[in-house]
Student: 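Provided herewith is a single structure, encoded as structure tokens, for subsequent inquiry.
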Protein chains: 2
Amino acid sequence: MTTLRDIALIAGVSGATVSNVLRNRGFVGAETSARVREVAQRLGYRPNPMAQALANGRAPTIAMVFSDLANPFYSMFALEAERAARRRDHFLLVCHAAKPDGTLDTAYLGAVAGRLSGGVLILGSDLGRADLLSAVPNGVPTVLAMWEDAADHPSLPCVTLDFREAGRLAADHLLALGHRRIAVLAGARGDRVSHGARLEGATARLREAGVLGGATLEEDSIGGGHRAAMRLLEAEPRPTAILATNDLLGIGAIQAAGERGLAVPRELSVVGITDIWLAAEMRPALTTVDIDTRRIADASVNALLDLIAEPDALARDALRIVGRPSLVRRASTAQAP
Amino acid sequence: MTTLRDIALIAGVSGATVSNVLRNRGFVGAETSARVREVAQRLGYRPNPMAQALANGRAPTIAMVFSDLANPFYSMFALEAERAARRRDHFLLVCHAAKPDGTLDTAYLGAVAGRLSGGVLILGSDLGRADLLSAVPNGVPTVLAMWEDAADHPSLPCVTLDFREAGRLAADHLLALGHRRIAVLAGARGDRVSHGARLEGATARLREAGVLGGATLEEDSIGGGHRAAMRLLEAEPRPTAILATNDLLGIGAIQAAGERGLAVPRELSVVGITDIWLAAEMRPALTTVDIDTRRIADASVNALLDLIAEPDALARDALRIVGRPSLVRRASTAQAP
DNA sequence: CTGTTAGCGCCTTCAG
DNA sequence: CTGAAGGCGCTAACAG
């Protein structure tokens, strides 16, 4: 492994000079500069990020903590986060930090937080809040992304969106299509709703329109949506539309409709929220509310990196709402029958 | 940030002693030992991984390089890889290293490889081989996972499976069900087949059975499978089965069948390869060949960590075939009509 | 402009 | 059993 010192010796200068040249600090004469560069080039010198990190107290990575990388939403988010991090010369450490019981693995996080990684980005959509505050060691720059209820977020800098509005948009869409019997399907973990704000936004709007909005809770997955919808579609009179608080649930609902012999969207409309890539790939393609995952990922990473650079940049409970949910009309919704 | 020295001062011992205590080296008296632990505990001491890495020349992370994290297969793999890494006290750095043109970003990899991360795990299913060998700096422990053609892998330690066999199993299954008009759908990037071995395995078997096996190439995605299948299903006589070299393609094919008004599996059987989670969640659920992603992820990570620990442990072109593909019968295949 | 001198936080000899 | 000393590779003052 060729080090700074190696090239210093060969180029006949001191380590500091090499460092200055390579980091374009400018304090160096053209000739030495050229010579140093040449040697570095020839030896294939690559600075050691660990050493740099140690020396200037700044880690070149950030840690992203989530509960399920296999979930398409999280993987989309991770993808965008990695790009955003890279744009600012950082690497992304992925930490699947949920223990089997769903709580955060504190010991594990403690090992990375603030040292190996300069800060922690927590994808919070389904983590307990008590948990959250204790998981990351005190003083480590932390940003919470995608927290469901912006109005009531934990005392951490938080980058998220207006999930209530997303719920409203979904409801508005169905109402505008003339639906009155609308079943609401909300994601939950055990008996705790994970999509509270979307649910509230949706049901509030439905109620305003005089439509009753009870909600069915289910595990947030295609299978969960399927199970719940199978039940809902047995009701008499049958709902003409299903509003799912997440795309996976919506996709499951469409499948259930298929099995019950109901045509989507003719006999049943289904709308989701999030706009994961799968929504567009389904047949019929799922109408959904786009929440602009990419911008949120960007903003979260940037907020975290800013916070790392300047620990007082953000108030401890700063809140940033990014983007505006927007309806993406596809093939799963139509005029009420 | 509390350091080794801090606790040394408070406990009234030297840094070395603290280190010895905390790493259970045993050379230390019970009393001092207890005292040191107590102080460390009280101060919430956490060793700095960067410093450790620098001191003992061993990074606590490995880098995983892939071309598309949003692809469900890769995210499954990443999930398992992260777990495997963690079991051996390492963190996982995700590197989306493909540049827009599909080649690897050498500069980017160079920055991590062998320093920030102790080694590199390349998920190779659709990277060019020339590219591959030059992307990672010489001498950096590297393992190639999921390379398609085990018989012809680049000169890197390689952990993969028998994709040919996977192709054969898929073909056998359809043949056993009495299908004779079988269309093969293979993933490609541009005009280069990405699933060569599966394709060969499948077509060889089909030919043995006297069934003609031309293949249609398409981009490996649901949309690609859909497009290709729409074309295939126009043929006269229509195929009674579609063998897709990847699940996404298979899922797309099922959708296409639906649009063409063909019942799956009654009028058209579809089989995929890989068994991503989505395969089980589709309706009808996709029959596919399970390749045991988890074991491969485990084995890859372990191979890489072994290689890092002992750079000569593996021959430069060591090959490890992990697991045995197995058919997972679900609802998308049935007796030929 | 360039070199010297201290560290960053930790680990590992090696004396005592 | 314990402490002192040196080094991992790099950066940041500070002299010259």
Side-chain angles (χ1 to χ4, degrees), chain A residues 1-37 39-40 43-61 89 110-118 137 140 308, chain B residues 1-37 39-40 43-60 89 110-118 137 140:
Chain A
M1 183 171 37
T2 109
T3 75
L4 218 180
R5 208 221 215 43
D6 294 338
I7 93 166
L9 290 177
I10 299 190
V13 295
S14 83
T17 302
V18 176
S19 178
N20 283 332
V21 171
L22 265 25
R23 333 185 65 242
N24 298 309
R25 283 285 220 65
F27 309 146
V28 180
E31 293 209 357
T32 19
S33 188
R35 183 153 36 95
V36 166
R37 274 184 224 287
V39 177
L43 268 54
Y45 171 74
R46 303 173 290 140
N48 182 330
M50 292 278 188
Q52 294 186 148
L54 191 58
N56 59 28
R58 172 189 348 279
T61 70
D89 296 313
V112 244
R115 288 117 186 302
L116 222 200
S117 73
V140 174
I308 292 173
Chain B
M1 182 170 37
T2 110
T3 77
L4 220 181
R5 210 224 219 36
D6 294 338
I7 93 166
L9 290 177
I10 299 190
V13 294
S14 86
T17 301
V18 176
S19 177
N20 283 332
V21 171
L22 265 26
R23 331 187 65 244
N24 298 309
R25 283 284 219 64
F27 310 146
V28 181
E31 293 210 356
T32 20
S33 189
R35 183 154 34 94
V36 166
R37 274 184 221 289
V39 177
L43 266 55
Y45 171 74
R46 303 173 291 142
N48 182 332
M50 292 280 189
Q52 295 186 141
L54 192 57
N56 58 28
R58 170 186 352 278
D89 296 313
V112 243
R115 289 119 184 305
L116 223 201
S117 73
V140 174

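Note that these values count all heavy atoms, side chains included, but never hydrogens, waters or copies made by symmetry. Per chain, numbering begins at 1; letters A, B, ... match sequence-line order.
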Student: Could you give me the CA-CA distance, side-chain angles and deciding distance for A/Leu22 and A/Tyr45, then say whether side chain to side chain contact (heavy atoms under 4.5 Å, CB included) is met?
Tutor: CA-CA 10 Å; A/Leu22 265 25; A/Tyr45 171 74; 3.5 Å; yes
Student: CG of A/Asn48 versus P of C/dC8: gap in Å, rounded?
Tutor: 18 Å
Student: To the nearest 0.5 angstrom, please state how far the CG atom of A/Leu43 sits from the CD1 atom of A/Ile10.
Tutor: 4.5 Å
Student: Please give, in whole Å, the distance from D/dC8 P to A/Met50 CE?
Tutor: 17 Å
Student: Compare every heavy atom of A/Ala51 with every heavy atom of B/Leu54, then report the nearest pair and how far apart it is.
Tutor: CD1-CB, 3.9 Å
Student: Just call it for B/Gly57: base, sugar-phosphate, or nothing, with non-hydrogen atoms closer than 4.0 Å on any strand.
Tutor: nothing
Student: If only side-chain N and O atoms of A/Thr17 are considered, is one of them under 4.0 Å from the OP1 or OP2 phosphate oxygen of C/dG3?
Tutor: yes
Student: Can you check the A/Asp6 CG to D/dG9 C1' distance for me, whole Å?
Tutor: 10 Å
Student: What's the separation between atom CD1 in B/Ile7 and atom OG1 in B/Thr2, rounded to the nearest 0.5 Å?
Tutor: 7.0 Å
Student: Expressed in angstrom and rounded to an integer, what is the separation of A/Glu31 atom CD from C/dC1 atom P?
Tutor: 12 Å
Student: For the side chain of A/Ser14, counting heavy atoms from C-beta on, which of D/dG9, C/dG9, C/dG3 is nearest?
Tutor: C/dG3
Student: In Å, rounded to the nearest 0.5 Å, how long is the span from CG of B/Asn20 to OG of B/Ser14?
Tutor: 8.0 Å
Student: Can you figure out which of C/dT2, C/dG3, C/dC11 approaches the side chain of A/Thr32 most closely?
Tutor: C/dT2
Student: What is the distance, rounded to the nearest whole Å, between atom CZ of B/Arg5 and atom P of C/dC11?
Tutor: 14 Å
Student: Is there a donor-acceptor contact under 3.5 Å from the side chain of B/Thr17 to the main chain of B/Ala8?
Tutor: no
Student: Considering only heavy atoms from C-beta outward, does the side chain of A/Met50 approach that of B/Pro60 to under 4.5 Å?
Tutor: yes
Student: Check whether any side-chain nitrogen or oxygen of A/Gln52 sits under 4.0 Å from OP1 or OP2 of D/dC10, and answer yes or no.
Tutor: no
Student: Between CG of B/Leu9 and CG of B/Leu4, what distance do you get to the nearest 0.5 Å?
Tutor: 10.5 Å
Student: Dump the pairs, protein N or O against N or O of nucleotides 14-16 of chain C, anything under 3.5 Å, distances to one decimal.
Tutor:
none

Student: Closest approach of B/Pro47 and B/Gln52, non-hydrogen atoms and distance?
Tutor: CB-OE1, 3.4 Å
Student: Touch check for A/Met1, heavy atoms < 4.0 angstrom, all strands: base, sugar-phosphate only, or nothing?
Tutor: sugar-phosphate
Student: Using a 3.5 Å distance criterion without hydrogens, assess whether the side chain of A/Arg46 forms a donor-acceptor pair with backbone atoms of B/Arg115.
Tutor: no
Student: Check the distance between D/dG9's P and B/Arg115's CZ and give it to me in whole angstrom.
Tutor: 9 Å
Student: Provide, to the nearest angstrom, the distance between the CG atom belonging to A/Leu54 and the P atom belonging to C/dC8.
Tutor: 9 Å
Student: Which atom pairs link the protein and nucleotides 12-16 of chain D when you take only N or O atoms and keep those under 3.5 Å?
Tutor:
from, atom 1, to, atom 2, distance (Å)
D/dA12, OP2, A/Arg23, NH1, 3.4
D/dA12, OP2, A/Arg25, NH2, 2.8

Student: With sugar-phosphate meaning primed atoms plus P, OP1 and OP2, does B/Leu4 contact a base, only sugar-phosphate, or nothing at under 4.0 Å between heavy atoms?
Tutor: sugar-phosphate
Student: Output the rounded distance in Å from CZ (B/Arg35) to C1' (D/dC1).
Tutor: 13 Å
